[in-house]
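Labels below follow one simple rule: chain letters A, B, ... track the order of the sequence lines, proteins then strands, and each chain is numbered from 1.
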2 protein chains.
Amino acid sequence: MKKTILVFGLLILALLLLFQFSKYALVSNNLKIEIIIAIIAIVFFAIGVFINKKSLHKHNLVSKEIDHKKIKDLEISNREYEVLIGISEGLSNKEIGDKLFVSESTVKTHVSNLLSKLNAKRRTQALQIAKDLQII
Amino acid sequence: MKKTILVFGLLILALLLLFQFSKYALVSNNLKIEIIIAIIAIVFFAIGVFINKKSLHKHNLVSKEIDHKKIKDLEISNREYEVLIGISEGLSNKEIGDKLFVSESTVKTHVSNLLSKLNAKRRTQALQIAKDLQII
DNA sequence: TTTTAGTTCATACTAAAGTACCAAAATGGT
DNA sequence: ACCATTTTGGTACTTTAGTATGAACTAAAA
């Protein structure tokens with residue numbers, strides 16, 4: 001919230017500066033009107049894209065973003081997470097091993113640890129829980 | 001694709017008109033420079049919001065809807081689809097059987113048929129493919 | 001009515017997945 | 001250098017998943 005207010009404050013300040021600058025530039029004839037219009041257009045286009053992205057993020061995209069903090073809270077290691085990604089891609093333990101250049105035994109160890117950390121009985125359940133927790 | 005080209009064509013046309021109008025208005029002194037800048041700003045802000053919304057829709061909202069037509073095209077039966085849902089919920093064959101009031105054998109039959117229809121080797125791969133095809 | 005597709009279930013089998021336990025390297029911070 | 005954690009991988013085992021095949025029943029379509 002504080003961040004939002006700060007951003008909007010800076011934005012308004014920048015716009016006022018731009019406004020004054022364009023008037024000054026016009027009067028002193030340093031810049032052509034086309035250039036000024038182009039600058040205004042680009043700036044406001046960018047603001048439109050930015051504002052829209054922000055507001056959509058809050059409502060629709062939450063489920064698309066990965067909660068890295070939760071991964072750490074669950075004490076899931078790097079390698080375990082890579083294995084989880086492999087599972088979500090529908091790979092077998094052997095295939096995950098080939099992808100990560102380790103043996104199938106190693107993958108099984110990671111999977112087993114992953115399941116207990118996610119409190120899952122099966123890899124499919126792990127996927128469902130991981131999606132629910134927004135870590136994949 | 002054709003639609004996109006049409007929209008962009010009209011957009012460019014509208015901008016050119018706006019451009020010429022602003023120059024004319026300035027020369028003839030009918031409008032103040034502040035008003036023109038404000039119009040440009042509002043128009044480009046709206047364009048920014050519009051473009052952004054369109055591009056986000058294509059990526060995130062389509063994937064939320066189930067393609068029932070594709071399910072029929074793949075010749076996936078009612079019961080097989082119910083089993084697929086069970087798989088996506090992370091259930092074992094036994095648990096799916098309990099949920100649908102059939103034996104584990106029956107579930108295995110459905111799963112096996114489902115895998116060949118989805119061209120998958122494992123249930124996790126079936127999930128990945130089904131998501132890709134937007135049937136779950 | 002015969003056919004077709006879907007659902008059900010069983011047996012017997014093979015292949016993966018998952019658990020339990022152990023142990024050796026590698027890594028990273030204090 | 002030392003400690004804690006991660007990563008690795010093995011053996012032995014149990015459980016679950018998946019295949020192949022055959023068969024019975026149902027409902028709807030031809």
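Taking the side chain of Thr109(B) as heavy atoms from C-beta on, and the options dT7(D), dG18(D), dA10(C), the nearest nucleotide is dA10(C). Here the side chain of Arg122(B) is nearest to one of dG18(D), dT7(C), dT6(D), namely dG18(D). Closest to the side chain of Val102(A), from the set dC9(C), dT7(C), dT8(D), is dT8(D). Of the candidates dG9(D), dA16(C), dT19(C), dA16(C) carries the atom nearest the Ser92(A) side chain, counting heavy atoms from C-beta on.
Between Lys108(B) atom NZ and dT19(D) atom P there is a gap of 10 Å when expressed in whole angstrom units. Atoms CG (Leu114(B)) and P (dA17(D)) sit 14 Å apart, rounded to a whole Å. Spacing between atom NZ of Lys72(A) and atom P of dT6(D) amounts to 13 Å, rounded to whole angstrom units. Remark: P of dC9(C) and NZ of Lys94(B) are 11 Å apart, rounded to the nearest angstrom. Rounded to whole Å, the distance from CD on Glu104(B) to C1' on dT7(C) is 17 Å. Atom pair Asn113(B):CG and dG22(D):C1' shows a separation of 14 Å (rounding to whole Å applied). When the C1' atom of dA25(C) is taken as reference, atom CZ of Phe101(A) falls 20 Å away, rounded to whole Å. Distance, Glu75(A) CD to dT7(D) C1': 16 Å, rounded to whole Å.
Annotation: Lys70(A), atom NZ; neighbour count of heavy atoms from other residues, nucleotides and ligands within 6.0 Å is above 12. The neighbour count for Lys121(B) NZ, taken as heavy atoms of other residues, nucleotides or ligands under 6.0 Å away, does not exceed 12.
Side chain of Lys117(A) to main chain of Glu75(A): a donor-acceptor pair is present (N/O by atom type, distance under 3.5 Å, no hydrogens or angles).
For Arg123(A) against Leu91(A), the heavy-atom pair with the smallest separation is NH1-O, 3.0 Å. For Ile87(B) against Val111(B), the heavy-atom pair with the smallest separation is CD1-CG2, 4.2 Å.
For the OP1/OP2 pair of dT8(C) and a distance below 4.0 Å, the side-chain nitrogens and oxygens of Thr106(B) include no atom meeting the criterion. Residue Asn93(B) has no polar side-chain atom (N or O) positioned under 4.0 Å from OP1 or OP2 of dT16(D). For dG18(D), the OP1/OP2 oxygens have a side-chain nitrogen or oxygen of Arg123(B) closer than 4.0 Å. For the OP1/OP2 pair of dC9(C) and a distance below 4.0 Å, the side-chain nitrogens and oxygens of Ser105(B) include no atom meeting the criterion. When the side-chain nitrogen and oxygen atoms of Ser112(B) are compared with OP1 and OP2 of dG18(D), none of them lie within a distance under 4.0 Å. A close approach under 4.0 Å does occur between a side-chain nitrogen or oxygen of His110(A) and OP1 or OP2 of dT8(D). OP1 or OP2 of dA10(C) sits under 4.0 Å from a side-chain N or O of Ser103(B).
Residues of residues 79-88 of chain A having a heavy atom closer than 4.0 Å to DNA chain D, listed by number: Arg79(A).
For the residue pair Thr109(B) / Thr106(B), no side-chain donor-acceptor distance below 3.5 Å is found, with atom types taken as modelled.
Side-chain contact between Asn78(A) and Tyr81(A): absent, with no pair of heavy atoms (C-beta onward) separated by less than 4.5 Å.
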Side chain to side chain contact (heavy atoms under 4.5 Å, CB included) between His68(A) and Gln134(A), intermediate numbers included: CA-CA 9 Å; His68(A) 294 282; Gln134(A) 294 168 218; over 6 Å; no
